[in-house]
There are 2 protein chains.
Amino acid sequence: MKIAIAGSGAMGSRFGYMLHQAGNQVTLIDLWPEHISTINTKGLSVESAGEQKFVRIPAAFPEDVHADFDLILLFTKAMQLSDMLKKIAHLLTENTAVLCLSNGIGNLENIQKVAPDIDLLVGTTLWTSELVGPGSVILNGSGYIEFQAIENVSHETVNKINDVLNAAGLNARPSNNVLLSIWKKACLNGVLNTLCTILDCKIMELNKSQYTSVLTKRIVAEFEAVAKAKDIPLTAELALKTIDASLAPDQAGDHYPSMHQDIASGRRTEIDYLNGAIARMGKELNIPTPTNTLITELIHAREDIAVKN
Amino acid sequence: MKIAIAGSGAMGSRFGYMLHQAGNQVTLIDLWPEHISTINTKGLSVESAGEQKFVRIPAAFPEDVHADFDLILLFTKAMQLSDMLKKIAHLLTENTAVLCLSNGIGNLENIQKVAPDIDLLVGTTLWTSELVGPGSVILNGSGYIEFQAIENVSHETVNKINDVLNAAGLNARPSNNVLLSIWKKACLNGVLNTLCTILDCKIMELNKSQYTSVLTKRIVAEFEAVAKAKDIPLTAELALKTIDASLAPDQAGDHYPSMHQDIASGRRTEIDYLNGAIARMGKELNIPTPTNTLITELIHAREDIAVKN
């Protein structure tokens with residue numbers, strides 16, 4: 001299959017690499033010049049299980065790519081989605097399906113605003129990845145993908161995409177309730193990513209404090225209340241089960257989550273699509289969300305202080 | 001005057017030094033072995049305006065001090081007050097006045113529980129100081145002291161203490177409403193210390209984010225509500241005026257506040273006597289304090305993760 005990765009950061013590079021290894025014709029699209037030139041000159045460096053490989057996959061700026069793709073994997077941060085969609089508008093033909101696996105609440109609405117007529121699928125994934133420098137990723141652990149056709153996508157196309165993803169070992173499965181999965185993942189990130197960023201710690205270190213569970217319950221209760229008002233069947237029980245599983249001693253990562261990496265590197269975070277989305281919707285719906293509001297403000301303050309001018 | 005400093009950390013060392021320079025007979029009491037031995041062998045290192053001095057002031061553990069003091073300055077962290085008072089019980093004679101300038105809400109009640117009959121004065125100070133290692137402080141800026149007799153202290157004693165403090169350049173003034181000053185200071189610290197700790201920044205860096213003012217207003221509004229219920233005339237207007245003054249570009253410190261230093265050094269903080277006191281009293285009084293509650297929990301979580309075992 002001809003596949004473009006639109007947004008080839010940590011996760012995009014992982015998916016591009018795995019799909020390429022499975023024999024697909026992959027193009028990595030990104031906006032970071034050093035990343036693109038490093039991949040094109042040395043190959044994409046992939047470190048996994050202590051082994052490092054350099055893999056030849058073409059990388060380019062959006063405007064330099066001219067081809068018909070069967071599938072475009074949209075993998076930018078939530079706040080860069082609209083911009084990326086505009087930059088790849090020339091690639092969005094009627095034979096091209098677009099699958100967005102970006103984290104966060106509100107992506108579907110954002111995509112439909114910018115590109116209302118595309119063949120759209122959205123989903124979520126529990127795969128992780130770490131971008132350690134231009135052209136270089138470290139892959140740890142395993143994950144899965146849930147995805148669902150939203151508009152203009154046939155059952156056959158869903159199956160074809162599902163087969164391609166599974167042939168690459170990505171553990172994909174079509175879902176009938178992908179919004180629940182997206183909200184569940186946003187809630188997971190709204191707890192683990194956000195707390196690790198504010199508390200300046202690795203995921204496994206969250207287990208060192210009994211306050212992690214107190215704070216988690218406060219955050220999750222507000223996700224539940226807003227989800228209920230939005231007809232998303234995300235219960236606190238379900239969210240806590242996912243979070244507890246990620247914090248289990250044999251699962252909890254010995255790494256800083258991506259939001260912590262964003263702040264450390266002076267970048268903006270996707271907080272407005274996690275806790276910030278709950279705060280914003282809570283305000284619209286008249287549902288009190290003091291915890292997610294305060295957490296969003298604290299992360300924005302950290303961004304302002306850490307961000308490179 | 002014969003003066004003991006009970007708790008000779010950053011602030012205690014500054015006060016001990018200034019009172020010693022003014023000709024008083026000062027003894028530094030502390031619990032940190034390296035601090036005491038360094039002071040006794042090399043002298044207390046005092047760096048001020050780029051100049052470093054070594055000053056000979058005796059330092060000792062509480063149990064090694066046996067003398068009649070006219071004044072004991074109690075200067076531990078709020079959570080160590082009770083313990084220090086028990087350790088210096090043999091020094092609390094009827095000719096000894098005790099002045100507590102420790103930060104935080106609830107110190108007076110704690111002291112009265114442990115040592116109900118002492119000649120007690122409490123106060124607050126805007127002096128600052130930084131302990132950079134055992135036996136070594138850096139002094140920056142200026143400040144003042146407000147203090148008030150609480151029990152068993154004559155007008156003459158108040159005046160005598162006031163004169164001694166002022167002769168040492170400490171800008172003291174007796175107050176009739178020291179609880180207001182203590183709450184105002186606790187609110188100042190509950191904003192600046194706490195935000196700098198959570199946001200991992202220096203006081204001057206708070207000015208880099210517009211969210212500082214949003215967060216400040218949330219914290220202060222709850223201080224005001226609880227103060228009102230406790231008959232302390234602390235208004236949000238008054239608190240914000242003090243905070244704004246400390247954040248003015250020519251005033252905002254190019255340093256990490258003490259709570260940030262505590263976390264960085266793996267020590268517990270005095271959060272339970274700042275935002276935590278508001279959360280606790282709010283709960284007792286049925287006043288909503290979601291901001292101070294969450295901030296207290298976040299700081300405790302940071303302590304648990306950072307603290308040295």
Side-chain angles (χ1 to χ4, degrees), chain A residues 191-192 194-222 247 252 256 260 263-264 266 268-269 271-272 275-276 279 282-283 287-309, chain B residues 191-192 194-222 247 252 256 260 263-264 266 268-269 271-272 275-276 279 282-283 287-309:
Chain A
V191 170
L192 300 188
T194 309
L195 287 183
C196 285
T197 303
I198 295 180
L199 302 176
D200 191 19
C201 70
K202 298 175 176 180
I203 290 173
M204 61 187 296
E205 290 182 293
L206 289 175
N207 286 320
K208 289 173 83 176
S209 178
Q210 58 171 342
Y211 285 95
T212 293
S213 119
V214 178
L215 292 160
T216 297
K217 279 177 196 148
R218 288 194 198 287
I219 295 169
V220 165
E222 295 175 8
L247 283 176
Y256 294 102
H260 188 286
I263 293 279
R268 296 279 164 192
T269 73
I271 190 71
D272 282 336
N275 312 74
K283 203 172 169 185
I287 295 170
T289 56
T291 299
N292 284 286
T293 300
L294 192 79
I295 281 178
T296 303
E297 290 165 355
L298 286 170
I299 294 286
H300 278 317
R302 285 211 68 165
E303 286 174 342
D304 289 342
I305 290 163
V307 104
K308 286 168 184 159
N309 295 317
Chain B
V191 170
L192 301 188
T194 308
L195 286 183
C196 284
T197 303
I198 295 180
L199 301 175
D200 190 19
C201 71
K202 297 175 176 181
I203 290 174
M204 62 187 295
E205 290 181 294
L206 289 176
N207 285 320
K208 288 171 84 177
S209 178
Q210 59 171 341
Y211 285 95
T212 294
S213 121
V214 177
L215 292 159
T216 297
K217 279 178 196 148
R218 287 195 199 288
I219 295 169
V220 165
E222 294 175 8
L247 283 175
Y256 294 102
H260 188 286
I263 293 280
R268 296 276 164 194
T269 73
I271 191 71
D272 282 336
N275 312 73
K283 202 172 171 186
I287 296 169
T289 56
T291 300
N292 284 285
T293 300
L294 191 78
I295 281 178
T296 302
E297 291 165 355
L298 286 170
I299 294 286
H300 278 317
R302 285 210 69 165
E303 287 174 342
D304 289 342
I305 290 163
V307 105
K308 286 166 185 162
N309 294 317

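Every chain is numbered from 1, with letters handed out A, B, ... down the list of sequences.
Here the CG-OH distance, from Leu294(B) to Tyr211(A), works out to 12.0 Å after rounding to the nearest 0.5 Å. To the nearest 0.5 Å, atom OG1 of residue Thr212(B) and atom CD of residue Glu297(A) are 10.5 Å apart. For the atom pair CD (Glu205(B)) and CZ (Arg302(A)), the distance works out to 10.5 Å, reported to the nearest 0.5 Å.
Proximity of His300(B) to Gln210(A): side-chain heavy atoms (C-beta onward) are nowhere separated by under 4.5 Å. In this structure, Asp200(A) and Ile305(B) have side chains that are not in contact, with every pair of non-hydrogen atoms separated by 4.5 Å or more.
Only the side chain of Arg218(B) comes within less than 4.5 Å of a heavy atom in chain A; its backbone stays farther off. With a 4.5 angstrom heavy-atom cutoff, Thr293(B) touches chain A only via side-chain atoms.
Minimum heavy-atom separation, Pro290(A) to Pro290(B): CB-CB, 3.8 Å.
Put simply, of Leu215(B), Ile198(B), Val214(B), Ile263(B), the one with the most heavy-atom pairs under 4.5 Å next to chain A is Leu215(B).
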